[in-house]
Peer 1: 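Got a structure here, written out as structure tokens. Questions coming.
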Amino acid sequence: MCNKSPFCPCSKVPDHVILSGGPNNRYWVMDVEERPGHKTLTMSCSKSLHPTETCLLKDGWEMTPVRRGDVVHLEGCSDGGSWLVDREQGFLVLLPDSLISGTSISSSIRCMRRAVLGDIFDGGSMQMLNGTMVHEVFQRAATAKDFSLEKLSKLADEALHGPRYLGDMYGLGVSQEEMKQELHNYLPSLQHWANDNSRAPSSCQDSATVVTVTDLADIEENVWSPRFGLKGKIDVTARVRIQSPRNGGHRIPEEKIVPLELKTGKESNSIEHRSQVILYTLMSLERYNPETGFLLYLKTGNLHPVVANHMDRRELLKLRNTLVHHVHNCVEQEAERSRLTRLPDILTNRQTCQYCPQKRNCALYERAVDPSSADVSEDVVQDFLQQETGHLTLPHLNYFSHWLLLWTLQSIKLLKYLTLTCVSSEKNGSCVGNLQLSDPVTVQSEGVFLHRFQRSSVASQQGLASGDRIVVSDQEGRLVGLATGYLCEVSRKVISCTLDRDLSKYSDVLFRVDGDEGVVGLSTHLTNVSRLMESCQDSDRLRELVVDLRSPEFISNLSSVLPREAKDTVANILKGLNKPQKQAMKKVLLSKDYTLIVGMPGTGKTTTICTLVRILHACGFSVLLTSYTHSAVDNILLKLKRFRVGFLRLGQGQKVHPDILPYTEESVRKNSCVFSSKPFPFRYLATTCMGIKHPIFTHRRFDFCIVDEASQISQPICLGPLFYAKRFVLVGDHQQLPPIVQNQEARSRGMDESLFKRLELHKEAVVQLNVQYRMNRQIMSLSNSLMYDGQLECGSERTATALLTLPFLLTVQSELNSYSQMQPQHNLSWLQATLLPSNPVCFLDCSVAGCKPSDVGVIAPYRQQLKRISAVLQSSAFTGVEVNTVDRYQGRDKSLIVLSFVRSTAEEGNLGELLKDWRRLNVAITRAKHKLLMVGSATTLRRYTPVEKLLNHLQQENMISLRNYLDTPKFFLILRQIIL
DNA sequence: ACTAGTCGACTAGCA
């Protein structure tokens, strides 16, 4: 019986799942049979699901939450296709391609719920800075092989003054001097340990084993183990000599490579610490097969050996399986609707929970996701829930669970699958294999190593491009995740990239490079929603506005906000603005909570924002300027930098516009020490919405926060910067594109509602910029009839009447005439009509000559179509013609736009979602300043309501029939011939 | 039924 569920064994194994037998086996679970005390899996390691094998789980393994449709990895041995995993032998690794970090697993020993929450929300406190810095000093001393006090103290100073931790210290409110004292406490014991380690005895009291560290093989080695589904970074990989009296009478020392885990805290030798080491030995099994790992407590310099037996590994892998199960099954179906699942139970151990960084999320989840359980829970739990969430109302809790569910739905597809065989993924194009290091590795800057690889086999095509994030592994899959970095250059023979580690010691290894899609920073966004629920002044206020939709308030008189001395300056600045723009400025100044500025197409949003910042500057207000994308932020800054408004741009240098680079943190710091001088000198800060993770924000508050393109940002992300300002201004246009949401259910349940749209119901907070300087009258009228109900106006007669200038029009027309006479079978009258500048809107029912290519833009809704069009336009005459999607054209314009609608389907064909969106169509038709050519099949397009409305608005003379030139690439071929 | 952009990762520590 097939219920069409993805877990149904008769449904197909999804394409992205890779199955295999052998040592790196991957089995697809087809059936799970449960009996008291044991569980039997029916499974197959072949995509055809034939032949099948079985696996018997017992002695506790039967509790593994494995289901039909899961992928599992098996360790141990099978007897003719039947596996046994029990107390003594075998391991089962559930969903092995989901790599779980060693620290997550060891933290789940005490509280599984916390470990799962840690996967959803950012946790952690800033109190860990000291630990991180001591680690850094140790690791750098080890790299330099110099543990003298002098060296250590120099390294400590470098860490204290280097850019990496300054921000953190600033955030913690710790001075460099305080931090220095803290750090220096550790230096003598580091030195002591290094001098002494030749005779550092193991602390195993029952044996006289002596362990000597002879050399450090690696520092911060990154290990991904798809065999055990583990990942981690090993502090130190050390060569040790182990002298054990049990090796008979001769004490032949044993040479081993082992992981060393450094601890700066108490010498607890706790189960958590030991578990971490056991997991590290397990994940490095394939690298150097260690049996033992070590804990090194830096405070005392003591070294504790941790020997892992089968039982320890077994129990830790069981924990891992439970954890991975919860992480993967966070959503369940109930009557065709998804909902969040229950988490592992609350611990309610007062001592443990008191310091838990997930305290609030733990309580929120319980109350918001499964409120019924709260009534029956014990008093301790009730008290805890009351304490953490007592200040919240039902709508608040609903808002939290709503966005938690939507984000989870959206992220389900993004689960990362590691592919083990290069061949299979090279087909998908996200991998290049058989690479050899061809040149010496060069150091570009600290921690950035430039590598060049030679490709031994020349692949026909690859999906990797320069700038992509990558992971480097060995070809066999033994050393997975050796380094990560960015691709610089890809050619048929050579690949160069910058990596976070120097791989020169692996000179004999054959490498592979995989594209790293990464798991997108889901946690940052949900942390914003969680933070909105916090009981504190900033969150309480924002929650009231965003969740309760309290009406925004305004003061009545400008004089109280406008300083007397600023009046003239402000009046001067205002001179350059039109009426609605002036109104917008006034509204913002009068606002006590927020203002929404609707910027219709071409109405000068950037100028308006730039002017707004200048006015706020003149009035002495501080401003945080953000948008979702780097380019949107820089767009405004490029305008703003002409005026004397000193701002700081936060963000990675690579992503920032070259002209804005002098304003970045890094450049500014070169001249002065920004963070040590308090108060923070910059009153104007610009960054992306995600940039608010920067430690500056732990202290800094602004008078205003401006968010550009706010109608394209999803609520959890848009909330981020708003925590840091007393008032905010959202700029956008909900009639243009909304946030993109892939998941159909998430979209239908409102995930594409931006904060801009949500708050728009408060009309008193809205100002509309409706005077536009982009489109001529005819083009504008399309959008007016489609979306704006006639509200959009031309800013000047010049704008309204501007036409395309085609200097060679006459020549081309006469050439066309003679061409038609010579080849009368080609009727080119359509082209003649299309070319006429006096015909600014043409729909070519399934030309353009002599104007500058950079004035021409080609737009299509689909990427695939763009690829084909670009291929046809591969001629020098077309270089400079920008071919792009509707989505990417938002916010910009061209003199002439050729818009291809692509679709031409038979009667019953599937329509697709993209063209059903009014807002996408609106953006597409409002990019052209002087002429808009649309190409498409009118018959097909009438099936899309928005396009139908557009077609109905077009006059007869706008419609030109292209009888013989039905498909678009062919149309462009003709276009090319004419232009050349 | 296919549109984009963001992001260092993992770990530090405590009870």
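Values below: all heavy atoms of this structure, side chains included; hydrogens, waters and symmetry mates excluded. Below, read A as the first sequence line, B as the second, and so on, with proteins coming before strands; counting in each chain starts at 1.
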Peer 1: Regarding A:Arg114, tell me which of base, sugar-phosphate or nothing describes its non-hydrogen contacts under 4.0 Å with the strands shown.
Peer 2: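 A:Arg114: base contact, heavy atoms under 4.0 Å.
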
Peer 1: Is there a side-chain polar atom (N or O) of A:Lys266 under 4.0 Å from OP1 or OP2 of B:dC14?
Peer 2: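 False: A:Lys266 side-chain N/O out of range (4.0 Å or more) of B:dC14 OP1/OP2.
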
Peer 1: Quick one: label A:Gly691 by what it contacts on the DNA or RNA (base, sugar-phosphate, nothing), any heavy atom closer than 4.0 Å.
Peer 2: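 Answer is nothing: A:Gly691 stays at 4.0 Å or more from every strand.
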
Peer 1: Could you please name the option among B:dG13, B:dT3, B:dT11 that lies closest to any side-chain atom of A:Leu914?
Peer 2: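 So the nucleotide nearest the side chain must be B:dT3.
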
Peer 1: From CD1 of A:Ile717 over to P of B:dA4, roughly how many Å is that when rounded to an integer?
Peer 2: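 Whole-Å distance recorded here is 16 Å.
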
Peer 1: Counting a pair only when it is Watson-Crick or G-U and both distances are under 3.5 Å, which runs of at least 3 such pairs involve DNA chain B?
Peer 2: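 If one scans DNA chain B for consecutive Watson-Crick or G-U pairs, no stem of 3 or more turns up.
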
Peer 1: The side chain of A:Lys233 is closest to which nucleotide in this list: B:dA4, B:dA15, B:dC10?
Peer 2: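 Selected nucleotide (nearest to the side chain): B:dC10.
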
Peer 1: Decide side chain to side chain donor-acceptor pair (under 3.5 Å) for A:His451 and A:Arg501; before the verdict, give the C-alpha distance in whole Å, the side-chain angles of both, and the deciding distance to 0.1 Å.
Peer 2: CA-CA 10 Å; A:His451 290 69; A:Arg501 300 184 56 86; over 6 Å; no

Peer 1: Indicate whether OP1 or OP2 belonging to B:dC10 is found under 4.0 Å from a side-chain N or O atom of A:Lys231.
Peer 2: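 True: A:Lys231 side-chain N/O within range (under 4.0 Å) of B:dC10 OP1/OP2.
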
Peer 1: Mind calculating the distance between CD (A:Glu136) and P (B:dC10) to the nearest angstrom?
Peer 2: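 Atom CD in A:Glu136 sits about 18 Å away from atom P in B:dC10.
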
Peer 1: Could you please name the option among B:dT3, B:dA15, B:dC7 that lies closest to any side-chain atom of A:His630?
Peer 2: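 That would be B:dC7.
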
Peer 1: Do A:Asp634 and A:Lys655 sit within salt-bridge range, that is, some charged N less than 4.0 Å from a carboxylate O?
Peer 2: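 Between A:Lys655 and A:Asp634 there is no salt bridge, as every charged N stays at least 4.0 Å from the carboxylate O atoms.
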
Peer 1: Using a cut-off of strictly less than 4.0 Å, decide whether A:Tyr280 has a side-chain nitrogen or oxygen near OP1 or OP2 of B:dT11.
Peer 2: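 Yes, within the criterion.
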
Peer 1: Base, sugar-phosphate, or nothing for A:Glu913, non-hydrogen atoms under 4.0 angstrom?
Peer 2: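 Sugar-phosphate, backbone atoms only, no base.
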
Peer 1: Can a side chain N or O of A:Arg469 be found less than 4.0 Å away from OP1 or OP2 on B:dA9?
Peer 2: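 The answer is yes; a side-chain N or O of A:Arg469 sits under 4.0 Å from OP1 or OP2.
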
Peer 1: Check step by step if ring pair (Phe, Tyr, Trp, His ring centres under 6.0 Å) holds for A:His304 and A:Phe294.
Peer 2: CA-CA 5 Å; A:His304 294 253; A:Phe294 292 88; 9.8 Å; no

Peer 1: Is it possible for you to check whether A:Arg531 lies under 6.0 Å from the centre of the six-membered ring of A:Phe723, through NZ or CZ, and within 45° of that ring's axis?
Peer 2: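 Positive - A:Arg531 is close enough to the ring of A:Phe723 and near enough to its axis.
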
Peer 1: Tell me whether A:Glu221 is salt-bridged to A:Arg287, with the criterion being a basic N under 4.0 Å from an acidic carboxylate O.
Peer 2: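 A salt bridge is present here (some side-chain N lies under 4.0 Å from a carboxylate O).
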
Peer 1: Without decimals, in angstroms, what is the distance between A:Gln742 CD and B:dG5 C1'?
Peer 2: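 Going from A:Gln742 (CD) to B:dG5 (C1'), I get 11 Å.
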
Peer 1: Can you check the A:Gln276 CD to B:dG13 C1' distance for me, whole Å?
Peer 2: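 Distance check: A:Gln276 CD to B:dG13 C1' gives 11 Å.
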
Peer 1: Could you check how far CZ of A:Arg920 sits from C1' of B:dA1, rounded to whole Å?
Peer 2: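 These atoms are roughly 13 Å apart.
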
Peer 1: Find which nucleotide of DNA chain B each of A:Lys655 and A:Thr885 is nearest to by heavy atoms, and output the residue with the more 5' nucleotide.
Peer 2: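 Here A:Thr885 is the residue nearer the 5' end.
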
Peer 1: Looking for any heavy atom pair under 4.0 Å, which part of the strands does A:Pro739 touch: base, sugar-phosphate only, or nothing?
Peer 2: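 Result for A:Pro739 = nothing.
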
Peer 1: Looking at B:dT11, I'd like to know if its phosphate oxygens (OP1 or OP2) sit under 4.0 Å from a side-chain N or O belonging to A:Ser101.
Peer 2: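 So the side chain of A:Ser101 is within the cut-off, an N or O lying under 4.0 Å from OP1 or OP2 of B:dT11.
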
Peer 1: Once salt bridge (charged side-chain N to carboxylate O under 4.0 Å, His left out) is applied, do any residues pair with A:Arg888, and if so which ones, sequence neighbours excluded?
Peer 2: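 By the salt bridge (charged side-chain N to carboxylate O under 4.0 Å, His left out) rule, A:Arg888 matches no residue at all.
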
Peer 1: Which residue pairs pass the salt bridge (Lys or Arg N to Asp or Glu O under 4.0 Å) test when at least one of the two sits in residues 914-926 of chain A, sequence neighbours left out?
Peer 2: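 Salt bridge (Lys or Arg N to Asp or Glu O under 4.0 Å) check on residues 914-926 of chain A returns A:Asp752-A:Arg919, A:Asp887-A:Arg920, A:Glu913-A:Lys916, A:Asp917-A:Arg919.
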
Peer 1: Using atom NZ of A:Lys263 as one end and atom C1' of B:dT11 as the other, report the distance to the nearest whole Å.
Peer 2: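 Rounded to whole Å, this separation is 8 Å.
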
Peer 1: Does the pair A:Lys263/A:Glu261 count as a salt bridge with the N-to-O cut at 4.0 Å?
Peer 2: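 Between A:Glu261 and A:Lys263 there is a salt bridge, with a charged N closer than 4.0 Å to a carboxylate O.
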
Peer 1: If you pin A:Arg110 and A:Gly651 to their nearest nucleotides in DNA chain B, which one's is more 5'?
Peer 2: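 The residue whose closest nucleotide sits nearer the 5' end is A:Gly651.
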
Peer 1: Consider the side chain of A:Ile740, meaning its heavy atoms from C-beta on, and name the nucleotide among B:dT6, B:dT3, B:dC10 that approaches it most closely.
Peer 2: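 Comparing B:dT6, B:dT3, B:dC10 against the side chain of A:Ile740, the answer is B:dT3.
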
Peer 1: In whole angstrom, give me the gap between the P atoms of B:dG8 and B:dA4.
Peer 2: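 About 22 Å, rounded to a whole number of Å.
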
Peer 1: Please report the distance, rounded to the nearest Å, between CD1 in A:Ile109 and P in B:dA15.
Peer 2: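 That distance rounds to 17 Å.
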
Peer 1: Tell me whether the side-chain N or O atoms of A:Arg888 pair up with the base of B:dT3 as donor and acceptor below 3.5 Å, since no angle test is needed here.
Peer 2: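 Check fails, no donor-acceptor contact within cut-off.
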
Peer 1: Is the phosphate of B:dC7, meaning OP1 or OP2, less than 4.0 Å from a side-chain N or O of A:Thr688?
Peer 2: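 Yes, such a contact exists.
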
Peer 1: Students often get this wrong, so: under 4.0 angstrom with heavy atoms, is A:Glu261 touching a base, only sugar-phosphate, or nothing?
Peer 2: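 If one applies the 4.0 Å heavy-atom cut-off, A:Glu261 turns out to touch the sugar-phosphate alone, with no base involved.
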
Peer 1: Side chains of A:Cys705 and A:Leu625: does their closest heavy-atom pair fall under 4.5 Å?
Peer 2: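 In short, these two side chains do not touch, never coming nearer than 4.5 Å.
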
Peer 1: Categorize A:Asp235 for me: base, sugar-phosphate, or nothing, with a 4.0 angstrom heavy-atom threshold over every strand shown.
Peer 2: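 Sugar-phosphate: the residue A:Asp235, judged by heavy atoms under 4.0 Å, touches backbone atoms but no base.
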
Peer 1: Among B:dA4, B:dC10, B:dG5, which nucleotide sits nearest the side chain of A:Thr629?
Peer 2: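 Nearest nucleotide to the side chain: B:dG5.
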
Peer 1: Side-chain donor or acceptor of A:Glu220 under 3.5 Å from a matching atom on the base of B:dA9?
Peer 2: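 Answer is no: no donor-acceptor pair is held.
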
Peer 1: Using atom CG of A:Leu295 as one end and atom P of B:dA12 as the other, report the distance to the nearest whole Å.
Peer 2: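 Rounding to the nearest Å, CG of A:Leu295 and P of B:dA12 are 11 Å apart.
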
